[in-house]
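Beneath this line is the structure, given in structure tokens, with notes to follow.
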Amino acid sequence: MSYIFYTLKTCPVPEQGIADITEEKIRCRIRLHGIAIFPDGVLAMAAHNNPDSLSDALCMKHYFSATAPQASTMPVKSPYPPGLRQLEAESIHIMREALAESENPVMLYSIGKDSSVMLHLARKAFHPAGIPFPLLHVDTRWKFREMYLFRDTISGTDGIDLLVHINPEAVEKDINPFDHGSAMHTAITKTEALKQALDHYRFDVVFGGARRDEEKSRAKERIFSFRTSTHRWDPKNQRPELTTGSGCFPVKRRSRKPYGSAHSVAIP
Amino acid sequence: MHHGNTGHGKPKPRTFRSFLEEHCQQDLLRFITCGSVDDGKSTLIGRMLWESKMLFDDQAEQLELESGRYGTQGGNLDFALLVDGLSAKREPGITIDVAYRFFATAKRRFIVVDTPGHEQYTRNMATEASTADAAILLVDARKGSLLQTRRHACIVSIMGIRHIVLAINKMDLAGFREKIFTDIRASFLPFAKRLGINSLSAIPISALSGENVTKSSDCMPWYSGPTLMAWLESLEIKHSASGKPVFPVQWVNHPDAQFRGYSGTVAEGIVSKGNLIRVTASGQTAEIRDIITMEGSREHASAGDAVTLLLDREIDISRGDVLTLAREPVTMSDQFEAVLVWMHDDPGLAGRTYELKLATQWVPASITAIKYRIGIDTLSHESCRQIGLNDISVCNIATGKPLAITSYSERKVLGSFILVDRYTNATVAAGMIRHSLRRAANIHQQPLSVGRADREKLNHHKGRVIWLTGLSGSGKSTLANALDIELHRTGMRTYILDGDNIRQGLNRDLGFSEADRVENIRRVAEVARLMMDAGLIVITAFISPFIKDRQMARELVGERDFLEVYVSAPLDVCEERDPKGLYQKARRGEIPLMTGIGSPYEPPVQPDFIADTGNVPLNSIVEALMAVLTRRSEDDQEIRKTATLS
């Protein structure tokens, strides 16, 4: 047995979406092709609201649209451990320091959980002002559609300025994980694309969020891990940092070069 | 998701909420592990991660896989592989750089910083020690305390870590014998006392087999103290020594006309709504109207909280300002004594200018005196003329403008700083302030009734410094002389400071080492400035090969009054001229540090004037330089006029 996956082009605007995908159309498809439907986005909402009316071919492990108003829930008031509170405060301190000493900072935003934490920390750091730097999404073109919807919703709120960069080479050659393998896809649409964007916009500080235990070399990142102008990192020869609590570490080293090296900031 | 691999431990919380509740009492302790190569640091950290069950299933699986492939423990798990991340470090089997790990027990969350054991990474250890609440000094039971252990103990105590434990590791290889443990402890105790470590804990462990790490060892019934983990869990974390609030302003949050807040982290103590605060530099005071966070406004903010303060009135505050309670001000000083940990290959020299960052303040600063270097193994005071990589020394520092400071022991945040090289932007040193040498508030320039402007008026021209730089034989003295004649002819008061003449008198005590060359230039610049203040046009003719030192002279004299002239001639031309026969001597090896041959010359990047003595006749150069000087004077008049008009 073989499977064919393909995307139903539902419309992001709810009214049109519901009108477009009628029950009858879906039933018809199932009868004709014997397909299973994994509802997503607007279709998921429609299916959830009316579960009995659709075929059992529907796989109901669906989820609400992250951007739909029904899906929004109140933030959980959870106990807040002092250790986490301290880490949050330190992260805010680092972000403010990086902003104050840089000329053209940017925050990487991949829509994932680490990015979400970073985004939230940035909002906290500069409240009530908006986030005073743009976000950069290096787009692999292979995120879930819900994630793109979520990203576009985020970029409209609170004056968030979101830049998107896609490696034009990846578009031209249609680089994808299936034909080219995930390693090549990652190299071209993430690593190469990021370098292109950094070169293009000439950012001098780049915020990025990553877990220390994600990959072993992440444990070696400093708060400010300096990269060369060709984006290389020399973990054996890093600049010392003195972080006495909320103390002293250099962010921008007042580079006199017109275009300093790209720096990245890892939040502990 | 976490694996359960050891017998010890608590039942896992069933829900996310109960997980959170269980963790809501946890505080955070940062500690560092230090020791010599092969003392077993990575194994110890790996063991702690393993036993605290902070590994995910995939990490545990990978560990098993890698233990088989790279492990050094036969078929057993090699915990060091959990910690040793980069392949470069795995190859020689040593930790090359600092690594951070997280784990938690029911009581506490931990951040462990694994610092390199090698001597050349002492600087890394010092920086990491600055963040830590506690330190584990690891000693191999078979070797006892080595020079490196004493070095680490010294750094740890200088960086102000109060909780130190001597973990005597590899007890399994020492037959778990009590005498070995007590001997090592006894031999280390006197050294610890001299460092001011009064209560030194010592724990016999085996990281490899897990004895006394989290569970008490059956192999060492003679030891009745806490396990290492119990020791870490029981420490009292005290973030603030003085308890007096300090708030270095990081950023002015000013999105619109309605809101103007001051963002920063409370470094010590507690600030509350209604507190009267003082801006240290200006002395202005205001009341805290509100304390803002995204979660809402707060009554108080305490040490470590990142907040935004709103004040009840508009006063001038910007990044770098330090706020304190009005009744507990801190002092401003521009000269202090400090301990420096040198972190760069370029040596530290008295007289050279660096950028200094203290809290959020940046200022130019220089080392005015290197008092002594601390001999790490004996704690002796050794005299030295320059500071080398990994040296710990006591120096006097002078800053370009007064800073809000305290001693490091009183407040870490206002007592620690870094020195940054102005050209490479490298961090060259970390410093801990011991005490202020004077209060800037008490020193004033001796007020003089007749000022520079009065003298210049009498002379009908401005005082200046014309700084000639170039290789030996490039024609500096010749040009200086010709220019002097021309200036004198037009009625200007002039003086030449020439390298050879100065070295025969004022700088007779100086040689040609890098440190001495810096001092040579510093003195010349100071003398030139005094003469300029006396109203003279001073022409200096020194090789002055280093950009940094000419920059120091420029700053001392002042941008507007300083004219850097690059006397440029190719080395072979200079060598051919060789008016003093120096190149010949240098080629014969008799002058080892001859500029251009044994020592580099750094040509100016943007000189005010280039005198191409190889191609342009002397009188044309003098003519062109006179024109530059005239233009500079006209510019000055223009500036003065504009200033008067506005």
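Naming convention: chains lettered A, B, ... in sequence-line order (proteins, then strands); numbering from 1 in each chain.
The main-chain N or O of B:Ile292 is never found under 3.5 Å from a side-chain atom of B:Asp290 such that the two would form a donor-acceptor pair.
Checked against ring-ring contact (aromatic ring centres under 6.0 Å, His included), A:Phe133 has the following partners two or more places apart in sequence or in another chain: A:Phe126, A:Phe207. Considering only residues two or more places apart in sequence or on other chains, B:Arg319 meets the salt bridge (charged side-chain N to carboxylate O under 4.0 Å, His left out) condition with A:Glu97, A:Glu101.
Taking chain A as the reference chain and counting heavy-atom pairs below 4.5 Å, the highest number among B:Ala129, B:Ser263, B:Gly160 is found for B:Ser263. The greatest number of non-hydrogen atom pairs below 4.5 Å with chain B, out of A:Arg96, A:His127, A:Lys124, is found for A:Arg96.
Contacts of B:Val307 with chain A are made by backbone atoms alone, with heavy-atom separations under 4.5 Å and no side-chain atom involved.
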Please determine whether side chain to side chain donor-acceptor pair (under 3.5 Å) holds for the pair A:Gln196 and A:Glu192, giving the CA-CA distance in whole Å, both sets of side-chain angles, and the decisive distance to 0.1 Å.
CA-CA 6 Å; A:Gln196 287 170 353; A:Glu192 264 316 302; 4.8 Å; no

